[in-house]
Visitor: 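Structure incoming, see below.
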Amino acid sequence: MMQSILMALAGGALIGLAASLMLVLNGRVTGISGIANGLLTLQKGDYLWRATFVVGLIAGGVVLAYFQAEMFANTSARSEVMIAIAGVIVGFGTVLGSGCTSGHGVCGISRLSPRSLIATIIFMLVGMITATILKSFLGV
């Protein structure tokens with residue numbers, strides 16, 4: 001229990017540090033969906049830092065999987081395919097909504113942005129409603 005709390009605190013601190021460094025050093029808000037979408041749409045002059053960021057995310061996951069493989073175990077009742085499909089749908093949704101929970105929830109709220117506060121509240125409410133409907137009515 002204590003180890004999971006410390007891991008969550010360390011993870012949150014690292015996310016905050018990374019988002020702060022991105023803002024201070026690069027002048028950009030760290031929104032993962034926006035960064036990934038910029039790679040897919042090939043925005044000129046904006047490609048290298050985005051690719052470096054995504055490679056860093058993947059490399060961090062590979063390193064973590066090497067040292068803590070149990071953290072990647074699927075402990076939900078959902079299949080990996082269903083989880084992957086849900087991730088793709090969330091990715092499209094965040095691009096359509098002009099931001100994701102990392103951009104609005106972590107960076108926007110810390111900058112006291114009303115738009116980000118409203119967006120994060122809507123993300124959370126829609127997520128809870130969707131999960132409730134899927135579990136209660138569809139048994140998914």
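None of the values given here were measured: they were computed from a predicted structure.
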Visitor: So, taking the atom named CD1 in Ile122 and the one named CG in Leu117, what distance separates them when rounded to the nearest 0.5 Å?
Guide: 10.0 Å

Visitor: Would you mind reporting whether Phe137 and Thr132 have side-chain heavy atoms less than 4.5 Å apart?
Guide: no

Visitor: With a 4.5 Å cut-off on side-chain heavy-atom distances among I, L, V, M, F, W and Y, is there a chain of contacts connecting Tyr47 to Ile58?
Guide: yes

Visitor: Using a 4.5 Å cut-off on heavy atoms from C-beta on, say whether the side chain of Leu57 contacts that of Ile32.
Guide: yes

Visitor: What about Tyr66 and Val63, same hydrophobic cluster or not, with Ile/Leu/Val/Met/Phe/Trp/Tyr joined at side-chain heavy-atom distances under 4.5 Å?
Guide: yes

Visitor: Please check if the side chain of Thr94 supplies one atom and the backbone of Gly91 the other of a donor-acceptor pair under 3.5 Å.
Guide: yes

Visitor: Look at the side chain of Asn37 and the backbone N and O of Thr41, then say whether any donor-acceptor pair between them is shorter than 3.5 Å.
Guide: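 Side chain of Asn37 to backbone of Thr41, a donor-acceptor pair under 3.5 Å: no, none is there.
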
Visitor: State the CG-CE distance between Leu9 and Met7, to the nearest 0.5 angstrom.
Guide: 11.0 Å

Visitor: Does the Ser110 side chain pair with the main chain of Cys107, one donor and one acceptor, at a distance under 3.5 Å?
Guide: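 Between the backbone of Cys107 and the side chain of Ser110 there is a qualifying donor-acceptor contact (under 3.5 Å).
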
Visitor: Hey, could you give me the NE2/CZ distance between His104 and Arg115, rounded to the nearest 0.5 Å?
Guide: 4.5 Å

Visitor: Please examine the side chains of Phe53 and Leu39, heavy atoms only from C-beta on, and report whether any two atoms are closer than 4.5 Å.
Guide: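 A side-chain contact under 4.5 Å is absent here.
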
Visitor: State, with a plain yes or no, whether a side-chain heavy atom of Arg28 is found less than 4.5 Å away from one of Arg50.
Guide: yes

Visitor: In the single-linkage hydrophobic clustering (I, L, V, M, F, W, Y; side-chain heavy atoms under 4.5 Å), do Leu64 and Val55 co-cluster?
Guide: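 Different hydrophobic clusters.
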
Visitor: Might you point out which heavy atoms bring Ile83 and Ser76 nearest each other, and give the distance in Å?
Guide: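 Scanning both residues, the minimum pair turns out to be CD1-OG, 3.8 Å.
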
Visitor: Would you say CZ of Phe72 has more than 12 non-hydrogen atoms from neighbouring residues, nucleotides or ligands within 6.0 angstrom?
Guide: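 Yes, enclosed.
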
Visitor: Of all the heavy-atom pairs spanning Gly108 and Ser116, show the shortest one and how long it is.
Guide: CA-OG, 3.2 Å

Visitor: Take a 6.0 Å sphere around CD of Gln3 and say whether it holds more than 12 heavy atoms from other residues, nucleotides or ligands.
Guide: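 It does not: Gln3 CD has 12 such atoms or fewer within range.
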
Visitor: Check whether any side-chain heavy atom of Leu23 sits under 4.5 Å from a side-chain heavy atom of Thr30, and report yes or no.
Guide: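 Not in contact.
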
Visitor: State yes or no: do Leu40 and Phe92 share one hydrophobic cluster built from I, L, V, M, F, W and Y residues joined by side-chain heavy-atom distances below 4.5 Å, directly or via other members?
Guide: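 Leu40 and Phe92: separate clusters.
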
Visitor: Under 4.5 Å between side-chain heavy atoms, hopping through other hydrophobics if needed: is there a path connecting Ile121 to Ile109?
Guide: yes

Visitor: Is the closest side-chain heavy-atom distance between Met22 and Val29 below 4.5 Å?
Guide: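 No, every pair of side-chain atoms sits at 4.5 Å or beyond.
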
